[in-house]
Structure formats: C-alpha cells, structure tokens
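None of the values given here were measured: they were computed from a predicted structure. To find a chain, count down the sequence lines: A is the first, B the second, and so on, and within it residues start at 1. Just the heavy atoms: all of them, side chains too, but no hydrogens, waters or symmetry mates, feed the values below.
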Amino acid sequence: MKIKERERDGVVILEVSGKIMGGPDSELFTNTLKTLVHQGKKRVVVDLGGVSWVNSTGLGILISGYSTLKRSNGEMKLVNVSDRIDSIFMVTKLYSVFDSYKSEDEAIASFAVE
Amino acid sequence: MKIKERERDGVVILEVSGKIMGGPDSELFTNTLKTLVHQGKKRVVVDLGGVSWVNSTGLGILISGYSTLKRSNGEMKLVNVSDRIDSIFMVTKLYSVFDSYKSEDEAIASFAVE
Amino acid sequence: MKIELSFPSSHMFLGIPDVVIQELGSELPFTQTELDELSTSVIEGCTNALEHGNKMVDEVPVRLEIEFDPTRIEITIFDQGEGFDFESIDFSQAPTDLMQERGRGIYIMHTYCDELSFFRQNGSFAVRMVKIPRSRAKDGDGGDADAIARED
Amino acid sequence: MKIELSFPSSHMFLGIPDVVIQELGSELPFTQTELDELSTSVIEGCTNALEHGNKMVDEVPVRLEIEFDPTRIEITIFDQGEGFDFESIDFSQAPTDLMQERGRGIYIMHTYCDELSFFRQNGSFAVRMVKIPRSRAKDGDGGDADAIARED
Ligand SMILES: Nc1ncnc2c1ncn2[C@@H]1O[C@H](COP(=O)(O)OP(=O)(O)O)[C@@H](O)[C@H]1O
Ligand SMILES: Nc1ncnc2c1ncn2[C@@H]1O[C@H](COP(=O)(O)OP(=O)(O)O)[C@@H](O)[C@H]1O
C-alpha cells in the first residue's frame, strides 16, 4: 500500500495504490488519518483507483480509518472503487457504511451539500 | 497468441495479442500469412501493442512470417513494439531484419515511398 | 493438471497467489468476476495460513496445490499450524457489527466459492476451495479456453 | 527467502513464471528493465525444460526454485530430462544467420543474466540464473523495496 496526499477545495485526497492487506498497511493508513485529524483536516476522499485488491484485513483498515474520522466529526468518502473491490463491499454489506462516488468531483461536491 | 485482421489503404493490419511463444502459435501465424499471400495481400503491418512477451521461439515465428512474405515479394512491418520486445530485438540483432515503426500511420506510409 | 506454489509467511508475498490464479484463469473458461472471486478467496486463505497458522514466521512456507481442468479449479492451502475448531463455526454469517475490523475472511471464502472445507493432513492444517465456472463459453476471448477444452 | 513453483510441461503455462517474477520483483529493488530481462530468461529456461527436457509430457512438471534477498534473485529450473552437452557450447554467440528460426534461448539467458550455469542433480537437469540489481534504489516507487531492505 502506498499513499499520496494532496488537497483540493479544502478536501484531502488520499491516492492509495498497491494492495490493502494488513501487516504494515494498518499503521500507515491509520496514522495518516490521525495526523490529518490532528491538523483539523476532517474531510477526506480516499481514491482507490490504483488499488489492485483488498483482503478482509484491508477492509478492517478502511473501517478503522472511517471510524477515526467519524469519532472526530469528520468524514471519509471513497472514489474509483473497482468491480473487484465493489463486490467485496456487497458481500460484506460494507457498501452501507462506505459512501462511494464515481468521480473525485462528485465526492468533493458531496461534502458541500451536507 | 490471438490475431485480429483488418485492412487499411490496401495494407493488412494484424493486431496480435497475448504471448508469442511457439506451440500452437507457430502454425497460426504462418498460416495467416500464407493465406494472405495466397490472396495476393503482401503488404502486412503486424501490431504488437497487445503482446505481453515474446520468447526465442516467438522470434522464430516472426522470422518465419517475415520470410514467407519476402519470398513472395511482400513485406512485413512492425508497429507498437514494447520496450521488453525491443530489448530482445537488440540483443539478438533482429532489429536489423525487422522494420519497426512508432505508429500505424508511419508503417502504412512506409509502403508508399518504396 | 496441477500447479504447486510455496512462499514465505509474510504479507509481502500475498500478491503471488493472486497473479498465478489470474494468469492460470485466463487460459481457462472463467469470467473475470469468477477469477476475482477465487483470487480474493485464495488471498483470504493464505492470509489466515500465514497469520494464524504459521504465525508470521518467514521461514515457514505457505503451500498451495492448484488442481484444475476446464470445468473447475480446486485450490488447497497448507500451513504448519494447529488449525482451529472449524466444525463449530457457521461460515455463512458475516459479522453483524459492520464496524468490526476482523472476522470476515472465512465468510468471504464461503460466499465466493462453490465448495469450502478444512482438514488436517500430516501435521499440516489445510483449507480447500473449489470454483466452478458458470458458463464454459468465456465472453469475448475464448481462444485459449477452447484450446484446453478440446484436450479432454 | 524462497519461493517454489511447479507447473505442467505445456506452453500454456509459460505465463505463470513470468507473472510470479514480475510480482516478486515489484517488492524488491529491481528496475522494470531488469525484471523483464530476468523474466524473459526464465521463460527461455522453462521453454527448454518443457520442450527438450520433459518432451512436452503434461504430467511431468517443470519445477522452479526462486531464492532471493534485496541484493539478488537466483532461479533454478529443473526438468526430468537427460540434459545436453553444455560444456561444449559457447553461450556468448547468437546465431550469425539472422534468419535462423531457433537457437537463441541460451544466448538470451546468458546475455540478460549476471550468472548462468547448468548442472545435473538427483536425476534432474537444471539451469540456474542469477540477476543482480544495478542499483538498490528503485526509481519512483521504492516503498516496499525499502521495507524488505530494512529486514537484513
Ligand atoms: N489457517 C488457520 N489456522 C488457525 N486458525 C485459523 C485459520 N484460519 C482461520 N482461523 C481462525 O478462524 C478465525 C476466523 O477467520 P477469518 O474469518 O478469516 O477472520 P480473521 O482472520 O480476520 O480473524 C480466525 O480468527 C482464526 O482464529
Ligand atoms: N533443458 C534442456 N534439456 C535438454 N536439452 C537442452 C535443454 N536446454 C537446452 N538444450 C539444448 O540446447 C539447444 C540450444 O537451446 P536454445 O539456445 O534455447 O535454442 P532452441 O531451444 O531454440 O534450440 C537446444 O536445441 C537443446 O538441444
């Protein structure tokens, strides 16, 4: 798992690539989100476009990141979810937890209307 | 190895995809070229854009196709040669046998000036 | 026909069974969705084997036997651990607490595969999963699939 | 660390060692060019093993041992054949007749790899190839490469 961070319209975009699979990945993702919360940056879009696969431990990493933000009244949105990952969200019913959008624009816009 | 055939400006374009590696591939490629020669179609562009790799047996297949056309006063040009394949052409000095072009347009144009 | 694979018990190598299955499956009459489901299941099985079975000891390998023909792929994953009390678990239930961070691996394998079983053999613990293609006519590029289908 | 792989002696499976090496290499400090060179060499070795060694008998496996650390990948390919008189061959020469259709496999392995050797062992014939990355700093995305580099 690799994370590239940038900002747009007051929203942090985390471009994730590689595999999301536990091991060292857990800390990397959670620490990134904790740092953002600490800096007062609580609107985060996670771009999964470069992710080849997620396993169930990786789902846990996403849930943990989601919870970290939620606890601080922040929000995590997902974008560019592949068919393979979408299928795991369906099977585990996590699609009802994660807000996922087709494009970065839509994800960013979704913060404005809240 | 899969081959998709089409024609443009009197030139046959063979879009090859998969792996070029001997076994059943040898006959498929040679037979395709023999049929073309038989039909009087002797200007052929082989598009390697969809090819993941070529092994030395695959090089033999390309050489055999090249020879088949040459013997009938036809010509075979290559297009979309990846870095990986280009490296094998360098190492085996086959770059001096095969004419390779950056784009289909250039490959087709090269027939006109001869 | 059979492919065998073994790799060290580290997350770093979980991409390897994935690419092997994707590559093998591209020569068999499976759809991309079916391959993704099998591949995800195998990654779950390997994750459990290296975490729970081999306790992340690099030197202890995770071992895969992949048996296949055009009508099925059957994969058995071996680890060197004690296993667990699988008879008492209902695989068909996902965690009801959606915010729970773990405990979805076996449920995912069970949902994605046509057969799932656990057993012990010669001091190893094993999970076996079977995937059967819904249709033997592969959408789009059935070239190689046809080639192997003719063999039997 | 070590990965082992075996597959049936049919051209259909030559994509499998390729994807394994590409995936493994993405976690080690090799450039894409170096991985392509190693991968092409391994495919040459496996092609010879299944054609000349195992004479295309499906049931006889081609077997690979892949040993690696961040400073090298060493791959040994075993077949069940008699081998050939490798001492009498000059690997450093490509066919001078460029139109010759075969006979480039060993030359390609020799050119692309840092070490190449043949040997017999327990009734098997084997070719071993070693690839060493030119630079341990991988261009662009050295994240995982760093992770493994820190281990030793
Ligand atoms: N190969 C194995 N060896 C030992 N225990 C296992 C193995 N596979 C699964 N288990 C046990 O079954 C439990 C449930 O597994 P799973 O559904 O994959 O969730 P998770 O691994 O996230 O806990 C594990 O926590 C573990 O106790
Ligand atoms: N594993 C092997 N077992 C037996 N003979 C081999 C093996 N590898 C190579 N050879 C012999 O060496 C020759 C040269 O091999 P190579 O350079 O790969 O060219 P090619 O396979 O196209 O003939 C082969 O023709 C074969 O006689």
Hey, what do you get for [atom1] ([X]) to [atom2] ([Y]), rounding to the nearest 0.5 Å?
{"X": "D:His11", "Y": "C:Glu27", "atom1": "NE2", "atom2": "CD", "result": "12.0 Å"}
{"X": "C:Ile21", "Y": "D:Ile16", "atom1": "CD1", "atom2": "CD1", "result": "10.0 Å"}
{"X": "C:Met1", "Y": "D:Glu59", "atom1": "CE", "atom2": "CD", "result": "8.5 Å"}
{"X": "C:Arg63", "Y": "D:Glu4", "atom1": "CZ", "atom2": "CD", "result": "9.5 Å"}

Flag the pair [X] / [Y] as yes when at least one side-chain heavy-atom distance between them is below 4.5 Å, and no otherwise.
{"X": "D:Gln22", "Y": "C:Val19", "value": "no"}
{"X": "C:Phe13", "Y": "D:Leu24", "value": "yes"}
{"X": "D:Ile3", "Y": "C:Pro8", "value": "yes"}

inquiry  = Heavy-atom cut-off 4.5 Å, strictly under: side chain, backbone, both or neither for D:Pro61 against chain C?
reply    =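 Interface part for D:Pro61: neither.
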